[in-house]
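In what follows, chains are A, B, ... by sequence order, proteins preceding strands, each numbered from 1.
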2 protein chains.
Amino acid sequence: MRIAEFAQATGFAVDTLRYYEKIGLIEPPLRDSAGHRIYGPAELRWAKFLGRLKTTGMPISGMLAYARARAEGEVTTPERARMLREHRAEVARRVAELQDCLSVLDSKIASYEATMSDAKGPDHVAEHTGNTRRTRPQAAR
Amino acid sequence: MRIAEFAQATGFAVDTLRYYEKIGLIEPPLRDSAGHRIYGPAELRWAKFLGRLKTTGMPISGMLAYARARAEGEVTTPERARMLREHRAEVARRVAELQDCLSVLDSKIASYEATMSDAKGPDHVAEHTGNTRRTRPQAAR
DNA sequence: CCTTGACCTGGAGTGCGCTCCAGCCCCCAC
DNA sequence: GTGGGGGCTGGAGCGCACTCCAGGTCAAGG
C-alpha cells in the first residue's frame, strides 16, 4: 500500500502522514525500489488507532508519549494502560460537558422557536446560562 | 464588575476578553471614570453563553456570525435559531463520535489489563480499530 | 525517447486563538 | 505624596498542527 492509498484508508492527509513519521508518531515504513513508502496492515491498525486518539482530542505530545512507550515493548504495558485510562477519563468528562452544553443549546433553541411562533414575541430572548444545576463552583467574590 | 472579576466569572482570561471585544464578539462595555471596563449582568450572560459555544467547538468565525446576527435584533431570530440548530447537530455528531471512540479505548484498555493479569501475557496486544463486529481478523499475520 | 504522474526531501508558511509586553494612566492606602 | 495595584492601548509573539512548495527521482505508457 502506497502513501496515497494509506492516506485514503486512514483519513490522514499524505503530508500529515509524512509529518507524523518525521516527529516519530509513525515508524518509518518499508520502501520500495524507488524509495517510496510501503505500508502494511500493522501500520494501518496503528494509524487508525492514532486517528481515534486524535479524534478524542489527545494532543500530539500525548500521542508521542504513547508511541514511545509502545516502541519500548511489552514492558510498558502498565504505563500505556494508565495513559489510556487517564485519557479515557478525560474524554468521558468532555462528553459529559458537551451533553450539558447540548441541553443549554436545546433550551435556547426552544426559546427562539417560542419567540418565532408568537405573533410579536415576548420582549426578547435573553441569554440564560443553563445553570440548571451545579455549574462551575464560583469563587463568590 | 471590573474585568478581573468578569474574567473569573466567565472563565475567560482578561486578555481573551479584550481580544473578544476587539474582534466584535463582545460589545464594548461601559467605562468608569478611569476608563476601566464595567460589565453588567447582561454581558455576563452573553459571555457565559459564548463560553458554551466555545466549549462545544464553535470556531470564532461562527460565534462572530451569531454575535452579528444578535446585534441586528429580533429580525434575525430565525437565522440565529437555524445557526444554533445546525451547531447543535454538529455537537451531537461529535458526542456520538466520542462515544464510539470511548468504546475503542475501553476495549483496548481491557486487552491491556488482560495482558497484565497474565503471568506472561498472550503474544502481544495488537492495535485493533474498534470494529468489534464485522471485520474479520485477516488471515495473514 | 519523452512525457506524465506519483512520490521523494528539507524547509518555509499558514491559520487559529490566544498571550504577552512596553509604556502609560488612575486611584487608593499609608 | 508616594508606592502599589489594577487597568489601559496597540502591536508583537507564540504554540499547535498541519500544509504547501521547489526542485528532484523514478517507472511506465505512448
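Proximity of K108(B) to R80(A): side-chain heavy atoms (C-beta onward) are nowhere separated by under 4.5 Å. T76(A) has its side chain out of reach of R70(A): every pair of non-hydrogen atoms, C-beta onward, lies at least 4.5 Å apart.
Summary of helix geometry: the two end axes of the helix from dC1(C)-dG30(D) to dC30(C)-dG1(D), each defined by five base pairs via their C1' atoms, are inclined to each other by 10° (rounded to 10°).
Ring pair Y20(B)/F12(B) is perpendicular by interplanar angle, where above 60° counts as perpendicular and below 30° as parallel.
Applying the side chain to side chain contact (heavy atoms under 4.5 Å, CB included) test to A67(A) and every residue at least two apart in sequence or in another chain returns L25(A), W46(A). Residues forming a side chain to side chain contact (heavy atoms under 4.5 Å, CB included) with A81(B) (at least two apart in sequence, or on another chain): Y112(A), M116(A), R85(B).
With a heavy-atom cut-off of 4.0 Å to chain A, the contacted part of DNA chain D has its first and last nucleotide at dA17(D) to dA27(D).
One interatomic measurement links the two molecules: CD1 of I3(B) to P of dT19(C), which rounds to 14 Å at whole-angstrom precision. For the pair I26(B) CD1 and dC18(C) P, the interatomic distance rounds to 11 Å; values are reported in whole Å.
A donor-acceptor distance shorter than 3.5 angstrom exists from the side chain of E43(B) to the backbone of G40(B), with no hydrogens or angles considered.
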Problem - Working for side-chain contact (heavy atoms from CB on, under 4.5 Å), residues M58(B) and L50(B) - result: CA-CA 9 Å; M58(B) 184 181 280; L50(B) 276 182; over 6 Å; no
Exercise for the section: Report the C-alpha distance between M1(A) and I38(A) in whole Å, list the side-chain angles of each, state the deciding distance to 0.1 Å, and finish with yes or no for side-chain contact (heavy atoms from CB on, under 4.5 Å). Expected result: CA-CA 5 Å; M1(A) 197 187 236; I38(A) 297 298; 5.9 Å; no
Problem - Check against side-chain contact (heavy atoms from CB on, under 4.5 Å), V104(A) and T56(B) - result: CA-CA 11 Å; V104(A) 173; T56(B) 50; over 6 Å; no
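For E27(B), the CD atom is loosely surrounded, since the number of other residues' heavy atoms within 6.0 Å does not exceed 12. Within 6.0 Å of the CD atom in Q99(B), the count of heavy atoms belonging to other residues, nucleotides or ligands exceeds 12.
For the segment residues 14-23 of chain B, the set of residues with a heavy atom within less than 4.0 Å of an atom of DNA chain D comprises R18(B), K22(B), in numerical order. A heavy atom lying under 4.0 Å from DNA chain C marks the following residues of residues 30-40 of chain B, by number: S33(B), A34(B).
Evaluated for a side chain to side chain donor-acceptor pair (under 3.5 Å) with E90(A), the options R93(A), R94(A), H87(A) yield exactly one hit, R93(A).
Scanning all heavy atoms of the two residues, the minimum distance from T55(B) to L98(A) falls at O-CD2, 3.7 Å.
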